[in-house]
Amino acid sequence: MEKWKDELTEQLASAFLSLNTVEEVYNFLEDVATIGEIKALSQRLEVARLLRRNHTYPQIAQLTGASTATISRVRKFLDYGADGYGVVLNRLEENGKNVANRK
C-alpha cells in the first residue's frame, strides 16, 4: 500500500462509496471540505475532460480559470497516474453526467 493510504484514507474512500445520491455527496463534501477545495477538485476534473478532448492549454485556462501549472499537473496524471481521471470520465460519459455539451 502506498504511503498516503492508511486506515483513515480507507475510511474516507469507504465514506464516498456509502453515499447513494448526488445530494448526499454534496452534503458530505460541504461538511468535509471547504468550498475552495471542492471548487479546485471540480476544476481539475473539468481540466482533465478538456485535455482528453484535445483542447489547448490556453483554451482550457480561458474556459476553466485554471493556471497552466494546474493544467500541466492534471496532464501528468492523465498520462502517468493511476487512471482515476480516466475511470471517472468514462463513467460520467457513459451515464451522460459530464458537461461535454456545455463546452
Side-chain angles (χ1 to χ4, degrees):
M1 191 177 273
E2 289 121 41
K3 291 182 182 182
W4 65 271
K5 293 181 181 179
D6 59 20
E7 295 84 13
L8 295 178
T9 57
E10 179 74 20
Q11 179 177 258
L12 179 62
S14 295
F16 276 106
L17 286 173
S18 75
L19 302 170
N20 295 317
T21 66
V22 171
E23 191 61 32
E24 287 180 352
V25 174
Y26 275 131
N27 292 340
F28 181 63
L29 284 171
E30 188 174 338
D31 287 348
V32 76
T34 67
I35 300 303
E37 290 166 335
I38 297 165
K39 291 289 197 178
L41 292 171
S42 301
Q43 181 187 65
R44 290 178 195 151
L45 182 60
E46 179 61 0
V47 166
R49 188 187 71 77
L50 293 170
L51 283 167
R52 283 193 6 162
R53 295 176 65 89
N54 298 315
H55 283 70
T56 66
Y57 280 35
Q59 289 170 329
I60 295 169
Q62 183 178 17
L63 289 168
T64 66
S67 69
T68 55
T70 296
I71 298 167
S72 294
R73 190 175 319 116
V74 172
R75 164 97 277 156
K76 182 180 99 173
F77 286 107
L78 276 173
D79 293 341
Y80 305 108
D83 199 34
Y85 281 122
V87 168
V88 166
L89 290 170
N90 288 340
R91 290 189 183 153
L92 289 173
E93 287 176 16
E94 289 169 7
N95 295 318
K97 301 288 185 184
N98 63 21
V99 293
N101 294 329
R102 295 186 202 167
K103 297 179 180 93

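Note that these values count all heavy atoms, side chains included, but never hydrogens, waters or copies made by symmetry.
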message: Counting C-beta onward and ignoring hydrogens, is there a side-chain heavy-atom pair between Ile71 and His55 closer than 4.5 Å?
response: no

Rounded distance (nearest 0.5 Å) linking atom OG1 of Thr9 with atom NZ of Lys3: 14.5 Å

- line: Residues Ile38 and Ala33: closest non-hydrogen pair is CG1-CB, 3.9 Å

- prompt: What's the spacing between Glu7 CD and Ser14 OG if we round to 0.5 Å?
  reply: 12.0 Å

field: Neighbour count above 12 (heavy atom, 6.0 Å) for Gln62 CD
entry: no

For Phe77, all residues meeting ring pair (Phe, Tyr, Trp, His ring centres under 6.0 Å), sequence neighbours excluded: none

query: Would you call Arg49 and Glu46 a salt bridge, taking side-chain N to carboxylate O under 4.0 Å as the test?
result: yes

- line: One should read off an interatomic distance between Asn90 CG and Asp83 CG, to the nearest 0.5 angstrom, of 7.5 Å

task: Taking the side chain as every heavy atom from C-beta outward, state whether Phe16 and Leu29 have any pair of such atoms under 4.5 Å apart.
output: yes

- prompt: Which pair of heavy atoms, one from Arg44 and one from Thr70, lies closest together, and at what distance?
  reply: CG-CG2, 4.1 Å

- request: Could you tell me whether the side chain of Val88 reaches within less than 4.5 Å of the side chain of Arg91, counting heavy atoms only?
  value: no

field: Spacing of CZ belonging to Phe28 relative to CG belonging to Leu12, to within rounding of 0.5 Å
entry: 5.5 Å

- prompt: Which value, rounded to the nearest 0.5 Å, describes the distance between Arg73 atom CZ and Thr68 atom OG1?
  reply: 10.0 Å

- request: To the nearest 0.5 angstrom, please state how far the CG atom of Asp6 sits from the CD atom of Gln11.
  value: 10.0 Å

- request: Would you please name every residue forming a ring pair (Phe, Tyr, Trp, His ring centres under 6.0 Å) with Tyr57, sequence neighbours left out?
  value: none

- prompt: So, do Leu45 and Leu92 sit near enough that their side-chain heavy atoms are less than 4.5 Å apart?
  reply: yes

message: Could you check whether any side-chain heavy atom of Glu93 comes within less than 4.5 Å of a side-chain heavy atom of Arg52, counting everything from C-beta outward?
response: yes

field: Common cluster, Leu41/Val47, ILVMFWY with side-chain heavy-atom separation under 4.5 Å
entry: no

CD/Gln59: more than 12 non-hydrogen atoms of other groups inside 6.0 Å: yes

query: With the 4.5 Å side-chain cut-off for hydrophobic clustering, are Leu19 and Val32 part of the same group?
result: yes

